[in-house]
**Q** 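The structure follows.
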Amino acid sequence: MHNIKRLFLTVSAVLILAGCAGSKPLLYEWGSYENQIYAMYSDAGKVPIEQQLQDLERDYQIARSVNKPVPPGYHAHLGYLYFQLGKADQALQSFETEKALFPEAKLYMDRLIARIKQ
Amino acid sequence: MFNIYKRLSLLFSLLLLTACATPQANYNYDAFRRSNPQSILVLPPLNNSPDIRAVYSFLSTVTRPLAELGYYVFPVALVDQTFKENGLLNPGEMHQAPLDKLREIFGADATLYITVTQYGSVYQLLNSEVRVTANAKLVDNRNAQLLWEGQATASDSESGNNNSGGLAGMLVTALAKQVIGSIGDQGHAVARNASHRLLQARPNGLLYGPRSPMYENN
């Protein structure tokens, strides 16, 4: 009887400690992606696109070094920045990468790629 | 000895029941499960608050919670730009775009329509707080069916608004907050909390998407 109670207490304690802790490891390495989007609107034109690209490329290196994927939209956003600088090849490459990593984006990326190639 | 066990059992049982504070989930997920969306297109939010910054402040915080739930999230800034190039210049117009058009251009399974209802300082007698409230509707792009809707609010006075300093202390706090509030970034931090609260797997919240290891537990 006592053993059962002890077991119950242990299980309860473990459940309490583990169940609510809830800090799951993240699926993606986020870097500055979201902050950059915020800054791009809140301080429009303040951060040069070259700087934004540099920060995102740095994030990518960090993600690679910790062996984590960059988030959905990251490469597409990179492509958008390259496109604004008139770097069509790099924009195309970025949209292709987004599509390869996330087939969900295929239709949209194909549309953007087709537009650049026009 | 027996008594201690009894009391501890009771205590643990109570903790188990209350600690996670999960109200009963009673949301009907039938349509959500049937639709089983893999990708979500988030439109720039409608803004019912007086602060025009609310739209992009909130928009820039939604990718992370949704992607970490296991969905593909379309690049929000590029999507915004695509709308503008197609002549839809503001969230109001974007929210009116027909679903078949959205499917044709983006190929998304579902669209998330967000409305920010509150963004900014709420002044009270002895305090002011920055509060952000938003609601969201997830709609199936194929049949326009509502898959989920929810609302969340966040405030900068949630974590330990210290009343310890007495009346004078509270006044100073209120004053300091107004000064900070006028700089503007406080709203964004609170928006992020509101967005993460809104778009998480909680009771009556969103389900996990296919890219999450939790997907099977839905």
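Every chain is numbered from 1 and lettered A, B, ... according to where its sequence line falls, protein lines coming before strand lines.
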**Q** Does R64(B) offer a backbone N or O that forms a donor-acceptor pair with the side chain of E34(A) under 3.5 Å?
**A**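 Answer holds: yes.
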**Q** Check for a donor-acceptor pair, side chain of R111(A) on one end and backbone N or O of E104(B) on the other, with a separation under 3.5 Å.
**A** yes
**Q** Near L89(B) CG, under 6.0 Å, is it more than 12 heavy atoms from other residues, nucleotides or ligands?
**A**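 Above 12, so yes.
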**Q** Go through L59(B), D109(B), V73(B) and name the one with the most non-hydrogen pairs under 4.5 angstrom from chain A.
**A**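 Ranked by heavy-atom pairs under 4.5 Å with chain A, first place is V73(B).
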**Q** What's the shortest heavy-atom distance between V76(B) and Y33(A), and which atoms?
**A**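 Here V76(B) and Y33(A) meet closest at N-OH, 4.3 Å.
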**Q** Report, as yes or no, whether the 6.0 Å neighbourhood of atom CG on N143(B) holds more than 12 heavy atoms from other residues, nucleotides or ligands.
**A**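 More than 12 heavy atoms, drawn from other residues, nucleotides or ligands, come within 6.0 Å of this atom.
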**Q** Are the side chain of E68(B) and the backbone N or O of Y28(A) linked by a donor-acceptor pair below 3.5 Å?
**A**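 It does hold such a pair.
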**Q** For the candidates E98(A), Q36(A), M40(A), K106(A), which exhibits the highest count of non-hydrogen atom pairs separated by less than 4.5 Å from chain B?
**A**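 If we count pairs closer than 4.5 Å to chain B, E98(A) comes out on top.
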**Q** Sort V79(B) into side chain, backbone, both or neither according to what part of it lies under 4.5 angstrom from a heavy atom of chain A.
**A** both
**Q** Counting only heavy atoms not in D43(A), do more than 12 fall under 6.0 Å of its CG?
**A**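 Result for CG/D43(A): enclosed.
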**Q** Chain B heavy atoms under 4.5 Å from L112(A): which part of the residue, side chain, backbone, both or neither?
**A**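 The answer is the side chain of L112(A).
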**Q** Which bit of Y71(B) comes within less than 4.5 Å of chain A, counting heavy atoms only: side chain, backbone, both or neither?
**A**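 Just the backbone, heavy atoms under 4.5 Å.
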**Q** I need the residue from S39(B), G107(B), A77(B) with the largest number of non-hydrogen atom pairs under 4.5 Å to chain A.
**A** A77(B)
**Q** Is R211(B) close to chain A through its backbone or its side chain, or both, or neither, when contacts mean heavy atoms under 4.5 Å?
**A** both
**Q** Would you say that F95(A) contacts L78(B) through its side chain, given a criterion of any heavy-atom pair below 4.5 Å between the two side chains?
**A**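 Answer yes - side chains close enough.
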**Q** Search all heavy atoms of L27(A) against all heavy atoms of A67(B) and return the closest pair with its distance.
**A**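 Where L27(A) meets A67(B) most closely, the heavy atoms are CD1-O, 3.7 Å.
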**Q** With a 4.5 angstrom heavy-atom cut-off, could you sort out which part of L101(A) is near chain B: side chain, backbone, both or neither?
**A** backbone
**Q** Using a cut-off of under 4.5 Å on heavy-atom pairs, state which of Q81(B), M214(B), R192(B) scores highest against chain A.
**A**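 Top option by heavy-atom pairs under 4.5 Å: Q81(B).
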**Q** Distance from E104(A) atom CD to I40(B) atom CD1, nearest 0.5 Å?
**A** 11.0 Å
**Q** What verdict does the side-chain contact (heavy atoms from CB on, under 4.5 Å) test give for Y108(A) and T82(B), after you've listed the backbone C-alpha separation in whole Å, the side-chain angles of each residue and the deciding distance to 0.1 Å?
**A** CA-CA 10 Å; Y108(A) 185 35; T82(B) 301; 2.6 Å; yes
**Q** Assign the ring pair H188(B) / Y38(A) to parallel, tilted or perpendicular, where the plane angle (0 to 90°) is split at 30° and 60°.
**A** parallel
**Q** Search all heavy atoms of Y41(A) against all heavy atoms of D80(B) and return the closest pair with its distance.
**A** OH-OD2, 3.0 Å
**Q** For atom CZ of R64(A), decide whether the heavy atoms of other residues, nucleotides or ligands shown that lie under 6.0 angstrom number more than 12.
**A**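 Atom CZ in R64(A) is not packed in, count stays at 12 or less.
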**Q** Considering non-hydrogen atoms only, spot the tightest contact between A105(A) and F74(B) and give its length.
**A**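 Closest approach of A105(A) to F74(B): CA-CE2, 4.5 Å.
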**Q** Heavy atoms only: give me the nearest I37(A)-S60(B) pair and the separation to one decimal.
**A**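 For I37(A) versus S60(B), the nearest heavy atoms are CG2-CB, 3.7 Å.
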**Q** When the ring planes of Y72(B) and F102(A) are compared, do they come out parallel, tilted or perpendicular, using 30° and 60° as the limits?
**A** tilted
**Q** Please state whether the side chain, the backbone, both or neither of E85(B) comes within less than 4.5 Å of a heavy atom of chain A.
**A** side chain
**Q** Pick one of side chain, backbone, both or neither for N35(A), based on which atoms fall under 4.5 Å of a heavy atom in chain B.
**A**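 Side chain of N35(A) only, per the 4.5 Å heavy-atom cut-off to chain B.
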**Q** Taking NZ in K84(B) as the centre, count heavy atoms belonging to other residues, nucleotides or ligands within less than 6.0 Å. Is the count above 12?
**A** yes
